[in-house]
Amino acid sequence: MDNALKSLYTQHHPKTYTEVSGLFESNYQKILRLIPTLEEITHNAVMYHHSEQNLHLFIENKTPYTATFILTHKFDTVNRPDIRFKVYFDAKLLEVLSVCNETTLNSAHPYLAQCSDMNIQWELNTFMEKWLEYCLEKYEGLIWQKK
């Protein structure tokens, strides 16, 4: 098992709200780089790429201050990674709600019993951070189109 992952679940000091909140803020900034018009979007959208999988954004719920989205690649029978997240526009935060309809990335890992809510939030939002970095590398600057 990866030592960094093992250390997350065996550490004596679980992740704090301040650490997790910092990740929420960082991911909010990254999603705005990927989708600069996120606050104004009112429809599902797709970003077409000539040599990569197309990137899909689905709007699940939207109010003036918050919105819930799904960001994914669509394959023949499955959407992956199918990240469901909530954006708090007024607080400038992005919180991952689920990845592939799971509450954790690996519900069978051996250290799950030692996870606090903050550690689980850290795991989900760290995944989002890496996914956004990947998407920015591949898709930044491309145009979102209405589906």
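Residues Y65 and L94 do not share a hydrophobic cluster, clusters being chains of Ile/Leu/Val/Met/Phe/Trp/Tyr side chains in contact below 4.5 Å. A chain of hydrophobic side-chain contacts below 4.5 Å, direct or via other Ile, Leu, Val, Met, Phe, Trp or Tyr residues, connects Y28 to F127. Transitive grouping of hydrophobic side chains (ILVMFWY, heavy atoms separated by less than 4.5 Å) brings L57 and L136 into a common cluster. Under a hydrophobic-cluster definition in which Ile, Leu, Val, Met, Phe, Trp and Tyr are linked whenever side-chain heavy atoms come within less than 4.5 Å, directly or via other members, I41 and V46 are assigned to different clusters.
Looking at N125 and F85, their side chains never come closer than 4.5 Å, going by heavy atoms from C-beta outward. Under the 4.5 Å side-chain criterion, counting only non-hydrogen atoms from C-beta, V99 is not in contact with D82. Residues I83 and V96 are in side-chain contact: their nearest non-hydrogen atoms beyond the backbone lie under 4.5 Å apart. Looking only at side-chain heavy atoms (C-beta outward), I35 and L32 stay at 4.5 Å or farther from each other.
Side-chain atoms of W144 come within 3.5 Å of backbone atoms of L34 as a donor-acceptor pair (strictly under, hydrogens ignored). Between the side chain of T126 and the backbone N or O of W122, at least one donor-acceptor pair lies under 3.5 Å. A donor-acceptor distance shorter than 3.5 angstrom exists from the side chain of E19 to the backbone of T16, with no hydrogens or angles considered.
Side-chain contact, T66 with T63: a donor N or O sits under 3.5 Å from an acceptor N or O. Side-chain atoms of Q145 and Y48 form no donor-acceptor pair, as typed in the model, at a separation below 3.5 Å.
Ring planes of Y139 and H73: tilted class, angle from 30 to 60°.
The minimum heavy-atom distance linking F58 with K74 is given by the pair CZ-CD, 3.9 Å. Between H49 and Q53, the shortest heavy-atom contact is CB-O, 4.2 Å. Between I59 and T42 the shortest heavy-atom distance is CD1-C, 3.4 Å.
By the side-chain contact (heavy atoms from CB on, under 4.5 Å) test, T68 is found to be paired with E60, N61, R84, K86, L97, residues two or more places apart in sequence or in another chain being considered. Looking at residues two or more places apart in sequence or on another chain, you find no side-chain hydrogen bond (donor to acceptor under 3.5 Å, both in side chains) involving Q29.
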Run the numbers on E25 and K92 for salt bridge (charged side-chain N to carboxylate O under 4.0 Å, His left out), then give the verdict.
CA-CA 6 Å; E25 291 173 18; K92 298 182 175 13; over 6 Å; no
Output, in order, the C-alpha distance, side-chain angles, deciding distance and verdict of side-chain hydrogen bond (donor to acceptor under 3.5 Å, both in side chains) for Y88 and E95.
CA-CA 8 Å; Y88 301 86; E95 175 186 15; 2.9 Å; yes
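Of the charged side-chain nitrogens involved, at least one lies within less than 4.0 Å of a carboxylate oxygen, so that E140 and R33 count as a salt-bridged pair.
The NE2 atom of H43 sits 9.0 Å away from the NZ atom of K62 when rounded to the nearest 0.5 Å.
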